[in-house]
Engineer: 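Dumping the structure here so I can ask a few things about it.
Below, each value reflects all heavy atoms present in this structure, side chains not excepted, and no hydrogens, waters or symmetry copies. Treat the numbers as computed from the prediction; the structure is a model and nothing was measured.
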Amino acid sequence: MSSTAEQTDVLVIGSGFGGAITAYHLAAGGAKVTVLERGPWLQSNEFEHDYKLGSSYTRAFDFTVGDGMSVLGGNCVGGGSIVYFAAMPRAPRFVFERHGSIGRRMWPGSIDRDTLDPWYDRVAESLNITKQEWNDVSYAGGLWAAACDHAGRTANPLPAAIDNSKCVNCNFMMAGCRFEAKQSLTLNYLPAALAHGARIRPLHEVQRISRTDEGDYRVHYNVVDNDDYRVQIGSGTIEAKIVVMAAGAGATPVILQRSEAELGRMPHAVGRYFSGNGERLNTAIINEDKAAELLGLDRGDGLAYAANAIGKGPTVASWDRLDGSLPEYSRYSLEQLYFPPGLGTILAQVPDDARPHWFGPGKKEILKRWTSWLTIFTMIEDDNEGVFGPPPATGNSHRISQQMLGRGSLSYDPTPNTWGAWKKSDAEVKEILEKDGLAKVMPWTNDLIGAYTVHPLASCRMGDDPNTSALDDRNELRGHPGIFVTDGSAVPGALTVNPAMTIAAVAERAVPNIVRAAQQKGVPVTYGAPAPDGARSARKNVLPLLPQLVNA
């Protein structure tokens with residue numbers, strides 16, 4: 001490494017689940033760790049109950065419009081954990097056996113539900129994940145559960161990383177939790193990383209990676225203005241022996257694509273096989289009289305429901321179709337979800353009208369009844385259709401507005417398999433909620449911005465086949481030793497459930513491999529830190545697997 005350049009042992013790009021978890025363990029193990037985060041560092045008291053431009057909502061989000069797919073993700077210290085709804089289910093067992101579009105198992109042979117469970121346990125201990133009880137669910141969750149029961153389906157509360165003793169049911173989780181009830185990474189892994197000497201630099205957007213003469217890596221970044229993300233106010237480089245890519249599935253492949261000219265050829269799968277986690281939304285307009293008559297609901301004030309904006313994000317899901325004996329592309333989850341104003345009101349459609357409506361008399365009429373809306377989030381098995389085109393000059397997109405909005409290079413053309421799965425899930429939502437006249441249902445339109453996802457995955461995925469995976473089963477980038485990918489882009493395909501828990505578990509599993517690579521490069525680091533709060537019970541399940549790395 002150059003004696004005059006800024007140096008670190010491990011450079012982590014991004015501070016979401018993939019970045020925060022690796023930064024903590026490596027710093028706790030003795031490595032010098034630097035984290036570069038392109039977004040701002042917002043404190044809890046800065047999370048606003050507002051969705052206006054310039055609020056924490058637009059400062060902390062990145063909305064990238066592609067061709068056929070738009071991606072909504074986190075853009076701040078803590079990444080997606082700041083803006084997620086804290087739903088933390090583990091992926092169903094059948095997910096790891098999926099073949100998808102490649103005709104063979106997508107996941108590496110060394111990973112299945114059994115081998116990932118100890119790493120899931122590590123996450124659960126660190127984030128204090130608990131299953132919500134029925135008295136914790138929102139009005140929307142209760143209505144969805146009652147509707148499922150009325151239609152002969154089951155529904156259950158979701159496991160969530162939420163401290164219910166602090167939650168005030170404000171439903172502003174997507175703008176950041178000012179009450180610190182939601183277990184964002186700024187409350188656990190990141191402060192623990194800082195306590196062990198890690199450095200976190202907000203508003204540092206990584207552009208590309210090159211090699212040093214010594215065979216290490218040089219990371220090139222721009223410093224972004226705090227208020228207008230289109231403005232760059234500086235630049236610099238940091239040299240590192242190990243680089244951990246955790247910029248998110250919409251940015252990690254773009255950085256690697258831009259680095260190819262200097263690093264050399266990238267694996268074929270970098271920027272390919274993108275999955276939107278099979279996500280789709282339906283909005284139901286509830287008939288309040290029918291909700292009282294059919295479901296026996298009564299808020300005590302003469303209303304059955306009329307309370308869409310009260311409560312948490314998702315609290316109840318129906319998992320009847322998460323049955324491994326069913327054919328691929330017919331398995332999906334149905335989850336009650338609160339979606340905030342803005343895209344939600346634009347993209348929600350007028351029932352019984354074949355044409356898409358984002359304005360007009362019919363739309364105006366249903367907007368009058370917005371408190372009686374119920375939004376259902378479906379997660380199906382898609383075909384990993386997304387492909388990233390040539391990268392923009394800087395960043396992961398061409399920024400259109402000073403915050404939040406950009407135009408990216410992702411293109412997504414759903415296959416018949418994906419469309420068929422969406423249609424099956426749409427039909428079931430309609431069957432449940434329109435039974436006996438309870439509601440009118442319409443899926444959100446794809447005509448305005450194409451498909452959309454809040455859980456991008458698989459754009460730099462792991463696997464056993466070098467032709468269809470960018471990473472080996474240790475999360476290391478093929479052909480580029482010392483570069484690891486630990487964010488959602490490493491997950492091979494759609495999970496049929498919220499993916500944060502699986503992304504976090506895959507990152508936990510990757511840490512010992514990163515430690516080993518760092519040791520081989522002379523970094524004095526070991527593996528074996530407890531959970532950020534000092535808990536050790538889940539740690540006991542993984543340490544026997546890693547005796548050569550353990551700092552007992």
Engineer: Hey, are the side chains of Trp319 and Thr496 touching, using non-hydrogen atoms and a 4.5 Å cut-off?
Structural biologist: no

Engineer: Are any of the side-chain heavy atoms of Leu334 and Arg321 separated by less than 4.5 Å?
Structural biologist: no

Engineer: Got a salt bridge between Lys290 and Asp436, using NZ or NE/NH1/NH2 to carboxylate O under 4.0 Å?
Structural biologist: no

Engineer: Give me the one residue out of Asp383, Asn384, Asp382, Thr418 that meets side-chain hydrogen bond (donor to acceptor under 3.5 Å, both in side chains) with Ser275.
Structural biologist: Asp382

Engineer: Between His49 and Phe172, what is the ring plane arrangement, given parallel below 30°, perpendicular above 60°, and tilted in between?
Structural biologist: parallel

Engineer: Step by step, work out the side chain to side chain contact (heavy atoms under 4.5 Å, CB included) result for Ile111 and Arg509.
Structural biologist: CA-CA 10 Å; Ile111 302 178; Arg509 180 186 177 276; 3.5 Å; yes

Engineer: Charged N to carboxylate O below 4.0 Å: is that the case for Lys312 and Asp136?
Structural biologist: no

Engineer: Is Leu303 close to Thr371 at the side-chain level, that is, under 4.5 Å between some pair of heavy atoms?
Structural biologist: no

Engineer: Is the closest side-chain heavy-atom distance between Asn188 and Tyr24 below 4.5 Å?
Structural biologist: no

Engineer: For a 4.5 angstrom cut-off between non-hydrogen side-chain atoms, does Arg90 reach Asp121?
Structural biologist: yes

Engineer: Apply side chain to side chain contact (heavy atoms under 4.5 Å, CB included) to residues Ile285 and Trp373 and explain how you reach the verdict.
Structural biologist: CA-CA 5 Å; Ile285 315 298; Trp373 288 15; 3.2 Å; yes

Engineer: Can you tell whether the side chains of Glu431 and Arg153 come within less than 4.0 Å, N to carboxylate O?
Structural biologist: yes

Engineer: Applying side chain to side chain donor-acceptor pair (under 3.5 Å) to Glu180 and Ser44, what does each step give before you reach the verdict?
Structural biologist: CA-CA 7 Å; Glu180 299 188 349; Ser44 297; 2.7 Å; yes

Engineer: I want to check something: taking the side chain as every heavy atom from C-beta on, are Asp323 and Phe94 in contact at a cut-off of under 4.5 Å?
Structural biologist: no

Engineer: Applying side chain to side chain donor-acceptor pair (under 3.5 Å) to Thr453 and Glu279, what does each step give before you reach the verdict?
Structural biologist: CA-CA 6 Å; Thr453 182; Glu279 294 172 0; 3.0 Å; yes

Engineer: Regarding Asp320 and Thr154, is there a side-chain donor-to-acceptor distance under 3.5 Å anywhere?
Structural biologist: yes

Engineer: Pairing donors with acceptors under 3.5 angstrom, does anything connect the side chains of Asn417 and Thr415?
Structural biologist: no

Engineer: Is the shortest side-chain heavy-atom distance between Val491 and Pro499 below 4.5 Å?
Structural biologist: no

Engineer: Do Tyr84 and Phe17 make the cut of ring centroids closer than 6.0 angstrom?
Structural biologist: yes

Engineer: Within 45 degrees of the ring normal and closer than 6.0 Å to the centroid, is that where the cationic atom of Arg399 sits relative to Tyr229?
Structural biologist: no

Engineer: Is the shortest side-chain heavy-atom distance between Glu335 and Asn498 below 4.5 Å?
Structural biologist: yes

Engineer: With ring centroids as reference points, do Trp422 and Trp419 lie under 6.0 angstrom apart?
Structural biologist: yes

Engineer: Does NZ or CZ of Arg59 fall inside the cone over Phe47's six-membered ring, less than 6.0 Å from its centre and within 45° of the axis?
Structural biologist: no

